[in-house]
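Have a look at the structure below, then the notes.
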Amino acid sequence: MSTIESGGPQEQDGSAQTRAQTLLREATIPLGEGVAGRRPARYAVKLDGVGGAGTRPEELAAVFSPEPVRIEPLSPSDPDVFLLVFPHRSFSSDTTAVFELGYLIDDVPGVSAAEPDIATDFYPDPDQPRRLGEESADGFMAGCWVGEDSRLPDARWALKAIRAPEAWAWSDAQGRPSRGERIVVAQPDTGVVRHKELDLERRVASFDVLDRDRDPEDPLNYRGNTGHGTATGSVVVSGGNNAMSGCAPRAYHMPIRCIESVVRVSQVPVAQAIDFAVDNGAHVVTMSLGGLPSFTLARALARAVAADVIVMAAAGNCVGTVVWPARYDACIAVAGVNKDDLRWKGSCRGYGVDVSAPAENVYRARPDGASPTVESSAVGQGEGTSYAVALTAGVAALWLAHHGRANLVHQARLRGETLQDMFSRLLKATARRPPDWDAANFGAGIVDAEALLKAHFDLGRGREGAFTVSVDPALPVRALVAERLGPTAVDPQLDYDRYGPELAFHLLEEARGRPTPGGGAEEAGSPGTPPTGDLRDAVTNPELRAHLERRA
């Protein structure tokens, strides 16, 4: 699908067009007003029949005439979905209107799905407020992070906690490829800067989704950006020749810039980054980010799993409950622990968590605010499930290199599994469980790279709960309702595909506990962003309806 420009007078149903234009004015503002650096407002749209019978993209764009609209393809891998872009407008702070406009687009005949590509702040970077010396730099309650620990002089303690050095030694002893050799790890994130812990010679097929070019450089110019992609990338692939080592120091690194800051994540660019990674030969995709559910994201994950790419994401920070994409059953979710095998206090937990890995005081590269053109060598401690999933991605690379990816794909097929299924099963079956381990909230245990590499391919088969791949991407939203409000609040009649993103938005907004003027956290159901009338009218469960009405 090529890019299509639309604008100028069109003949449309007068009332529908008036409603569309009114909502557009409420949901968006002229580009350039308000916060600097805003990007054009856009909606992901799936039509029933692109290029065939039914509504065509240019006809949908005409609904907003005379406002200029641009139609862009989402991805070569998903030709049924396109982006409806308003090049001269950006989303306003009226999130209710933003969702209402999405429902209006979804109601156009021939449209089967539509959702706004809004940036959310449900994934804070605990490093950021600590360095700024503020109680809270992003609206999250203080006490989510722990601070640096001077008792950890060994920069490789996290690697030892997951037994990566033992896994390296085992591969060497067996004469197998070691340390992730020749495995490509893709990393959708903020991009990277020059750093001694990131070897340019091991970088492959990089991309910038936001600027549509092959340069993944992190400009370090976004408010709150702490060089997140550089830090997490080093935990995976640092060569170990300087102050630290990554978990897979011989792996190839595919950095993909798809977000400007980890504390402002929108899901369409993440979906595009996953597609780019799969199309360009990635073997593992690690995502240290999170936000809302999205049909574009769910479809991209499904394509990656079908292509035998291992995909995983951080469970999240400070919200308590797991965010997306980690919350999708098609994605391995990694929670965080500390040096004592106890939970990292900021780790999200519960539904969807598969395993845990070190997330507290993990050594990583630190740009220290340097210019992207000046190579940094700084290393320090960081915290967050961003590092837990980066370590786990490195372990996936060790496993693929040791056994050979082609062999593993063959073995998975013999067992009726995808490679993702097989890796997830073995990762959980070999995880070590400390005494009194909380499996319900933190998964099967703590990642054990050595045990994984030594495990028989049939380990864990037939074990109840060994792995679960949901065919229903709406299930995690229903689970979120049950977590936040109780199982009796789940509405079995609600169209979660349509209303899931907005419902998740409200529940996560409550979970993050925004500070109030009195210094406390909001109680669940206290006033926040009002839900749309569309959502409230669609809910039939009286408990869920009452909860939403209290927010209205």
Side-chain angles (χ1 to χ4, degrees), residues 157-171 180 235-236 247-248 284 286 288 310-316 322 326-327 329-344 347-360 362 385-403 408 411-412 415 417-469:
W157 79 265
L159 296 178
K160 294 175 181 178
I162 61 171
R163 296 177 180 163
E166 290 87 346
W168 301 342
W170 172 252
S171 294
V235 173
V236 185
C247 185
V284 180
T286 175
S288 296
I310 295 174
V311 289
M312 60 185 70
V322 179
R327 198 174 181 91
D329 288 334
C331 184
I332 295 168
V334 187
V337 295
N338 65 15
K339 63 180 177 60
D340 298 317
D341 290 345
L342 302 175
R343 73 172 181 89
W344 170 59
S347 179
C348 292
R349 61 193 74 93
Y351 177 92
V353 172
D354 294 292
V355 292
S356 292
E360 182 180 309
V362 177
T385 55
S386 290
Y387 305 118
V389 73
L391 288 164
T392 307
V395 171
L398 302 184
W399 182 70
L400 291 171
H402 179 90
H403 293 291
L408 287 170
Q411 295 297 330
R415 291 160 176 78
E417 297 173 312
T418 64
L419 186 63
Q420 175 90 342
D421 294 336
M422 185 175 176
F423 176 72
S424 177
R425 168 171 59 81
L426 292 172
L427 184 70
K428 289 185 277 190
T430 58
R432 60 182 180 86
R433 283 199 179 194
D436 302 320
W437 180 254
D438 184 2
N441 284 307
F442 288 88
I446 299 172
V447 171
D448 187 328
E450 181 188 22
L452 175 69
L453 266 59
K454 291 181 175 180
H456 190 280
F457 293 153
D458 286 327
L459 182 65
R461 291 192 72 196
R463 184 183 302 174
E464 184 177 357
F467 65 91
T468 303
V469 176

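Here, residue 1 is the first one in the sequence, and each next residue gets the next number.
Taking all atoms of both residues into account, the shortest heavy-atom contact from S288 to A314 is CA-CB, 4.2 Å. For the residue pair W157 and P358, the shortest heavy atom distance occurs at CH2-CB, 3.8 Å. In terms of heavy-atom proximity, S356 sits nearest to V337 at CB-CG1, 3.8 Å. Looking at every heavy atom in both residues, A397 comes nearest to V284 through N-CG2, 4.4 Å. Heavy atoms only, all atoms of each residue included: S171 and H402 are closest at OG-ND1, 2.7 Å. Taking all atoms of both residues into account, the shortest heavy-atom contact from S347 to G336 is OG-N, 3.0 Å.
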Atom pairs and distances, side-chain donor-acceptor, residues 443-456, under 3.5 Å, sequence neighbours left out:
{"from": "D448", "atom 1": "OD1", "to": "E450", "atom 2": "N", "distance (Å)": "3.2"}
{"from": "D448", "atom 1": "OD1", "to": "A451", "atom 2": "N", "distance (Å)": "3.0"}
{"from": "D448", "atom 1": "OD2", "to": "R163", "atom 2": "NH1", "distance (Å)": "2.7"}
{"from": "E450", "atom 1": "OE2", "to": "K454", "atom 2": "NZ", "distance (Å)": "2.9"}
{"from": "H456", "atom 1": "ND1", "to": "D458", "atom 2": "N", "distance (Å)": "3.0"}

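Looking only at side-chain heavy atoms (C-beta outward), E360 and K339 stay at 4.5 Å or farther from each other. At least one side-chain heavy atom of Y351 sits under 4.5 Å from a side-chain heavy atom of D329.
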Between L391 and V235, does a side-chain contact (heavy atoms from CB on, under 4.5 Å) hold up when you go through it step by step?
CA-CA 6 Å; L391 288 164; V235 173; 3.6 Å; yes

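Residues that satisfy the ring-ring contact (aromatic ring centres under 6.0 Å, His included) test with F423, not counting sequence neighbours, are W399. Taking R349 as the reference, nothing meets the salt bridge (Lys or Arg N to Asp or Glu O under 4.0 Å) condition, with sequence neighbours excluded.
Looking at T385, its side chain never comes within 3.5 Å of a backbone N or O of A335 through a donor-acceptor pair. Proximity of a side-chain donor or acceptor of W168 to a complementary backbone N or O of G180 within less than 3.5 Å is not detected. In this structure, the side chain of T430 engages the main chain of L426 through a donor-acceptor pair within 3.5 Å. With hydrogens and angles ignored, the 3.5 Å screen pairs a side-chain donor or acceptor of N338 with a backbone N or O of D340.
Considering I332, I310, L419, T418 in turn, I332 is the only one that fulfils the side-chain contact (heavy atoms from CB on, under 4.5 Å) rule with S424.
With rounding to the nearest 0.5 Å, the separation of CZ in R425 from CG in D354 is 14.0 Å. Interatomic distance, L408 CG to E417 CD, rounded to the nearest 0.5 Å: 11.5 Å. Note that the CG atom of L398 and the SG atom of C247 stand 4.5 Å from one another [nearest 0.5 Å]. A distance of 6.0 Å separates CD in Q411 from CE in M422, rounded to the nearest 0.5 Å.
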